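Quick notes on the structure that follows.
Below, read A as the first sequence line, B as the second, and so on, with proteins coming before strands; counting in each chain starts at 1. Keep in mind that this is a model prediction, so the values were computed, not measured.
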Protein chains: 2
Amino acid sequence: MTAAAVNLKIGDLARRAYCPAETIRYYEREGLLPEPARTNGNYRLYGAEHVERLSFIRNCRSLDMTLDEIRKLLLLRDAPDDNCEEVNVLLDGHIGHVAERIAELRHLRTDLQLLRERCGKAGTTKDCGILGGLSANVARKLKTPRRGHVPGTHRR
Amino acid sequence: MTAAAVNLKIGDLARRAYCPAETIRYYEREGLLPEPARTNGNYRLYGAEHVERLSFIRNCRSLDMTLDEIRKLLLLRDAPDDNCEEVNVLLDGHIGHVAERIAELRHLRTDLQLLRERCGKAGTTKDCGILGGLSANVARKLKTPRRGHVPGTHRR
DNA sequence: CTTGACCTTGAAGTGGCTGCAGGGTTTTTA
DNA sequence: TAAAAACCCTGCAGCCACTTCAAGGTCAAG
């Protein structure tokens, strides 16, 4: 165990929960984190319970859950005597989404690789089999939209 | 082959390229589609070349490319004497992105399934192994952000 | 000549942040 | 003790790829 965490400023909380300070303020606006105490100088003050709650949120996000799903889980968590059947249902639903998305992407990768092999020896884009392939009126559609943005990462 | 496509209104183009009319206007604003001719009543008028170009765009989108990637491909396509090496590079890069994302999601699914098995027989959320598992300070991160939104679909 | 299907523009909303401007506070260093 | 650096504050704009809405204009069928 680490030392008891009290009177953390937002940057301290950020480091402990691996979450940018801007995102902490955003979660507060969104109602996922309670409004914390403030210092005389109007700085936010956090304690161990905030580290725990924010870690919970970040773990859920790293499991690709939406903020709405996380909001529901937090409510269930805050009502400790409820039946945890709902937790199971929510998680099973989420596992289903992930499995679907994997299937789609695998299909996608196959299509891309087939397309990639169409590049002949022509040398110019005019005769490029790839560009030709992309013009075909195929219009197969993906079933699951990608959402939002995953924490802490950018396209390199 | 279908009959020659001329003097299509935006709804006709929409049906032929499986793309909502609003999205067509959006692509025009974004410079992916050229500004079309207009009728006396100010309706957009399209021809076969627009059906082809929009189908190209939609196929690329269904392969999960960004509008920026598609813009580059369209430029290459519009310069028919260039070397198609750049097309290959772009496509290989994209295949790489997709492969990475699949690997992440598979890892993710494993984590979710392990978590799911933690639900003991306690019956109440207070003792729920899942909620407990989500509180652990794990903070493994996904490497690739999900972007935007896939054409024509919603979460059910 | 009215109904209804279609089209127009412009602006705002979505999710989950991220970044910035323009300040205030606190800590460190000289 | 004073200056510099590091941190914090609010509020707002921007990102992507659309989607939705409001408020109107156009056109063909009955």
Output all residues satisfying salt bridge (charged side-chain N to carboxylate O under 4.0 Å, His left out) with A:Arg109, sequence neighbours left out; order by chain, then residue number.
none
With a cut-off of less than 4.0 Å, is there a side-chain N or O of B:Tyr27 near OP1 or OP2 of D:dC18?
yes
Could you run through nucleotides 22-30 of chain D and give me one letter per nucleotide, 5' to 3': B if any protein heavy atom sits under 4.0 Å from the base, S if only the sugar-phosphate is that close, - if neither?
---BBS---
Linking I/L/V/M/F/W/Y whenever any side-chain heavy atoms sit under 4.5 Å apart, do B:Val51 and B:Phe56 land together?
yes
Set of side-chain hydrogen bond (donor to acceptor under 3.5 Å, both in side chains) partners for A:Asn7, sequence neighbours left out
none
My understanding is that only residues two or more places apart in sequence, or in another chain, count here; which of them pass salt bridge (charged side-chain N to carboxylate O under 4.0 Å, His left out) with A:Arg71?
A:Asp68
Can you run down the salt bridge (charged side-chain N to carboxylate O under 4.0 Å, His left out) pairs that involve residues 87-97 of chain A, sequence neighbours left out, and say none if there aren't any?
A:Asp92-B:Arg116
B:Arg71 or A:Arg44: which one's nearest nucleotide on DNA chain D is closer to the 5' end?
A:Arg44
Between A:Tyr46 and A:Arg29, who's closer to the 5' end of DNA chain D by nearest nucleotide?
A:Tyr46
Taken in chain and number order and not counting sequence neighbours, the residues that satisfy salt bridge (charged side-chain N to carboxylate O under 4.0 Å, His left out) with A:Arg15 are A:Asp12
Counterpart residues, salt bridge (charged side-chain N to carboxylate O under 4.0 Å, His left out), relative to A:Glu49 (two or more places apart):
none
Salt bridge (charged side-chain N to carboxylate O under 4.0 Å, His left out) contacts in which one or both residues fall within residues 28-40 of chain B, not counting sequence neighbours:
B:Glu28-B:Arg44
Could you provide the dot-bracket string of DNA chain C, using ( ) for intrastrand pairs, [ ] for crossing pairs and | for bases paired to another strand, with Watson-Crick or G-U pairs below 3.5 Å?
||||||||||||||||||||||||||||||
With respect to the phosphate group of D:dT19, does any side-chain polar atom (N or O) of B:Thr23 fall under 4.0 Å of OP1 or OP2?
yes
